[in-house]
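Have a look at the structure below, then the notes.
Just so it is clear: chains get the letters A, B, ... in the order the sequence lines come, proteins before strands, and each one is counted from 1.
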Amino acid sequence: MPLDKKFDARAAETRIYEAWEKAGAFRAGANASRDETFCIMIPPPNVTGSLHMGHAFNNTLQDILVRWHRMRGFDTLWQPGQDHAGIATQMVVERELAKEGLDRREMGREKFLERVWAWKEQSGGTIINQLKRLGASCDWSRNAFTMDETFQRAVIRAFVEFYRKGWIYRGKRLVNWDPHFETAISDLEVEQVEVDGKMWRFRYPLEDGLSYRHPVAFDEEGNPTEWEERDYLVVATTRPETMLGDTGVAVHPEDPRYRELIGRHVILPIVGRRIPIVADEYADPEKGTGAVKITPAHDFNDWEVGQRCGLRAINVMTTRAAMWLKDNPDFAEGCPPDDVARAIQLLDGLDRYEARDAIVTLARDEGWLDGIDEDRHIVPHGDRSKVAIEPYLTDQWFVDTSKIVQPAIDAVKTGEVEILPEQDKKVYFNWLENIEPWCISRQLWWGHQIPVWYGPGRTADGRIDYSARAEHAFCGESFEEVAAEARAFYGVDEVHEKTDIADAIEDQLESLSHDSRAITLWRDPDVLDTWFSSGLWPIGTLGWPDDTPELRRYYPTDVLITGFDIIFFWVARMMMMEYALVGQKPFSTVYVHALVRDEKGKKMSKSLGNVLDPLELIEEFGADAVRFTLAAMAAMGRDLKLSTSRIAGYRNFGTKLWNAVRFAEMNGVYEVHRDGAAMPEPRATANRWILGETARVREEVDAALSAFRFNDAANALYAFVWGRVCDWYVEFAKPLLASEDAELVAETRATMGWVLDRCLVLLHPFMPFITEELWGATLPRAKMLVHADWPETLSAAEVVDAKAEREMRWVIALIEEIRSARAQMRVPAGLWIPMLELELDAHGREALACNEALITRLARIGSIEEAEAAPKGSVTVAVEGGSFCLPLEGIIDVAAERARLEKTVAKLEKELAGLKGRLSNPKFVESAPEEVVEETRENAAAREEELAKLRAALERLTEAA
RNA sequence: GGGUGAUUAGCUCAGUGGUAGAGCGCUUCGUUCACAUCGAAGAUGUCGGCGGUUCGAAUCCGUCAUCACCCA
């Protein structure tokens, strides 16, 4: 049954994917024929996410490598899975609940988590199915999830190990607080956004009527010429609401204006707090007034200043970033009670922005507003919530990254782990060498709950101490483990667990009243940063902490392919955590790819509306076209700008391949060629030539893929299949297949069949669907293409026939020359014209004799005859070793022919001048490599020869005219 | 402010010292004989500017300009 005229991607892709899955084609070790393993860990997408262009790109590259290795017989595992995306998923579910008028706090943790799991069950498969549409050949039977029981065990184990080694600690620190989600987030989850804002200047009165002289006018050299007497300091701030937590004013120690004020005090307006003027280099004399208010509990820089200068940190906000003044002893401490009461009355409970307005209004009304300037500044925002982040003082868990960072740096320095492209190494080092402690606790419910339980403390003399400060933490992989420890610690028989601190205290009081020897512990309610679990991905998915066969076989993995945007989030953390936990690298090579942008180079974003949906593109052009486009554009280290016309072009490439096979089928190729046939040994030059070309492209593709040069591999295949097989070989084969010589026909069929099979094999990693379809449609096959043998030993050195290659190049050049002359002379395309052979060397004669049928057919030449001289009005065709002419008197325009020849002559002359110039330079001949000099000589000679022929032709033209 | 990268045909981009390339687009011609998602032919470049190294620079170095991204 003949093939259709084109490939129906939409109908075929699902069917083919199902066939692969049914055959278990992607299972770990499928098609393995050698000992070496090849393992890629998928960068886990969010479980409730959906496929975007970045995923499509990333997974296409992985699939190319995986299919390539699988066909080469490696024991291959592409490990798929998803992460639980703590904040993102909790956000989605909370939004769902809100529609039903529900709130997670009212539901309670357990009920809420049930809802999250239900949501995961419902939408978790979306991205898997989308990856399948793309053709991703993951071992889905091993699909992993960071919240799976086995993976949870790995996360908890990692936490406990780190804790016991002292690499994790809990502390009251300023963290990036997201007031929308009411959780801490890590530095990396913060986006810096430039916004238009204001800079307010406030006057803080000096204590006890103190005053100083502040310069207000300056001469040309900047020396002050006028001063005014001030009994206040002017501080500037972009965040007036934080002033309630001010505990100092900093000036530069060298600043002459304020030197005498250092150590004195100002009285904070509104609250009446007496706060010191401290010297700190953080205060920049050039900025504003050079005096800066310090709010250690609400600003990272101020926190540092506070630490250095011994200032208090007063938290004045709630977890929702509303003002917290009432019942806030820290706030009230040291302030006049009347002022505190008034502040509470005016400001308590106000949102931070309402409070800002209120404070500015107060300042204006009370006369301590010095002025307002327009100001553009950077405000940190939560990358998920998009609200302004509040630096916030809370108890959080941190990984002391300084303890585990060194092996991650060394591994890349020594080359044990390779990062490609090179430039991304710098980014990696830059971050790791300046690494900050990693805040890993999140005030969320969806995630891995921190395996730490708290109980009362113990005093030195063995009594139990219930004060909050004495709180004792127990860390263990289970409550049982912790309970055992607690029994020993307290010397009690019973240890109870409560999830909530309030319940625990109640329970404790109850036991005390019964004089029972029991202690109640409560578990830390927080969960771990999703990236803490993703950091364990390579070992966790393979079964760690158990010593599984998979872990032994596939770990360390081979390649990680990921976007540059998660080098810090993920790559660096896997490096640190895996070295810390198993003492081995997680992977050998990291290939970092760039961003997919729209065709104008803009980052794709929903708000810009320039998002290309990979699934829509797959619908329109087929997965193969989308994949091939991404591969062809994957030049290392460059962003890629995607346009649909490019995808359409590669869809056409698939059609081209399809029709080449269709041609073969229509010409009896598959009556002769057999599945698994050895490479034929044909006589005909064209057949021998294409075998050599096939060997060459195989080497090119392997070299390119080995170097992660996906674009080179894709382009080599494109140029081979379209530019050599379809444009030339199929055309050469037409006269051969039409020959009377049955043996010639048979060898041509065998050759074409073999070459096309190699095309399918080599293209399969890039275009798996259409190639698999053609593979199955042409012959009964022992194995599906997905498991076909990669022609690894096909070597150009062995297969290329230098004579055949030279001959075919000559034939192609001649045909191109004739076609070009015809087109420029406006010879009607359908017209068969005679050609005269004027002079020809031995090689040319042989090449002509062997390929006359090809030449006459492809150049539309009716006859070739020898002639002594070119007749009047003929067109000259010069080739290596000879020249021909097309006697076209009456058809051609002499002036046009002259113009054509002159143009070529001019081009050759220019080239020749350059070549001769170099050769006549003695320094060039002396210092350039021998082969370069030789090549230049040959080039010059060849040009000279051609030039002579064309000049002669020009002369004849002149004589004739 | 610090860092990284980019600047090559109309567009998107390859090109690590030896004759400037590809795809798309454009122009002309062409459909019985695999494919119009096609074929044939063609036009288009001070390789961002300036300096340097070299026999030789799109390529190496310096500098300036413009743009982009990352980090503060």
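- Distance, Q824(A) CD to rU28(B) P: 16 Å, rounded to whole Å.
- R822(A) comes within 4.0 angstrom of no nucleic acid atom, judged by non-hydrogen atoms across all strands.
- In this structure, rA68(B) forms a base pair with rU4(B), meeting either the Watson-Crick or the G-U wobble geometry with both donor-acceptor distances under 3.5 Å.
- Put simply, K425(A) has no side-chain N or O that comes within less than 4.0 Å of OP1 or OP2 on rU4(B).
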Using atom types as modelled, flag every donor-acceptor pair under 3.5 Å from a side chain in residues 715-725 of chain A to any protein atom, sequence neighbours excluded.
| unit_1 | atom_1 | unit_2 | atom_2 | d |
| --- | --- | --- | --- | --- |
| N715(A) | ND2 | N711(A) | O | 3.1 |
| R724(A) | NE | E693(A) | OE1 | 2.6 |

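- Separation of the C1' atoms belonging to rU66(B) and rA43(B) is 30 Å when rounded to the nearest angstrom.
- Checking rC26(B) for Watson-Crick or G-U wobble geometry (two distances, each under 3.5 Å) identifies rG42(B) as its partner.
- Nearer the 5' end of RNA chain B, as judged by each residue's closest nucleotide, is the contact made by N667(A), out of S927(A) and N667(A).
- Phosphate proximity of rG25(B) to S645(A): absent, as no side-chain N or O sits under 4.0 Å from OP1 or OP2.
- Contact annotation for R651(A): base contact, defined as any heavy-atom pair under 4.0 Å involving a base atom.
- For W431(A), the ring pair (Phe, Tyr, Trp, His ring centres under 6.0 Å) partners are F568(A), not counting sequence neighbours.
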Close N or O pairs between protein and nucleotides 44-46 of chain B (under 3.5 Å):
none

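- Residue contacts for Y718(A): at a heavy-atom cut-off of 4.0 Å it reaches the sugar-phosphate backbone alone, with no base atom in range.
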